[in-house]
Amino acid sequence: MASQRTAFVKFDFGPKCKDCIELNPVWHALARESPGQLWRVDCLETPEVCTDRMVTPDPEALEPVFKSFNGTRWRRLARKEPYPVRRTR
């Protein structure tokens with residue numbers, strides 16, 4: 001039996017979610033380094049996917065939701081600190 005790798009999914013909530021937008025370049029760069037392990041779901045484009053994963057597709061959400069999936073179980077990843085994204089203007 002092949003070993004299961006844990007996949008990490010970032011659920012985004014559209015243009016009002018500044019953290020979602022700012023984290024996208026970092027998330028995409030990490031995804032290129034770890035093919036098949038990092039995924040992004042836009043909850044405004046595919047609300048049914050988010051609802052199935054118990055993520056409420058809320059257009060007013062101000063931060064993304066991160067979950068992991070180990071092949072059998074989903075887990076929400078808790079965030080204790082602000083995202084380390086450098087804001088530029």
Nearest-0.5 Å distance that lies between atom [atom1] in [X] and atom [atom2] in [Y]:
| X | Y | atom1 | atom2 | answer |
| --- | --- | --- | --- | --- |
| F11 | L44 | CZ | CG | 13.5 Å |
| D19 | K10 | CG | NZ | 9.0 Å |
| Q37 | S68 | CD | OG | 12.0 Å |

Looking only at heavy atoms, what is the nearest atom pair of P64 and C17, with distance?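 The answer is N-SG, 3.8 Å.
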For residues F13 and C20, report the shortest heavy-atom separation together with the two atoms involved.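 Taking every non-hydrogen atom into account, N-SG, 3.7 Å.
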Under the salt bridge (charged side-chain N to carboxylate O under 4.0 Å, His left out) test, which residues partner K67, sequence neighbours left out?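 Salt bridge (charged side-chain N to carboxylate O under 4.0 Å, His left out) check on K67 returns nothing, list empty.
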Among all residues two or more places apart in sequence or in another chain, which pass the salt bridge (charged side-chain N to carboxylate O under 4.0 Å, His left out) test with R40?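 Result, salt bridge (charged side-chain N to carboxylate O under 4.0 Å, His left out) vs R40: D12, D42.
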Side chain to side chain contact (heavy atoms under 4.5 Å, CB included) between V65 and R53, worked out: CA-CA 11 Å; V65 172; R53 303 300 177 259; over 6 Å; no
Does the side chain of L38 come within less than 4.5 Å of W27's, by heavy atoms?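 SC-SC contact between W27 and L38 confirmed.
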Please name all residues satisfying ring-ring contact (aromatic ring centres under 6.0 Å, His included) with W39, sequence neighbours left out, ordered by chain then number.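 With neighbours one apart ignored, the set is empty.
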Determine, using the 4.5 Å side-chain heavy-atom cutoff (strictly less than), whether I21 and V26 are members of one ILVMFWY cluster.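 Per the 4.5 Å side-chain linkage, I21 and V26 are not co-clustered.
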Could you walk me through whether R76 and F66 pass side chain to side chain contact (heavy atoms under 4.5 Å, CB included), step by step? CA-CA 6 Å; R76 185 178 183 124; F66 293 92; over 6 Å; no
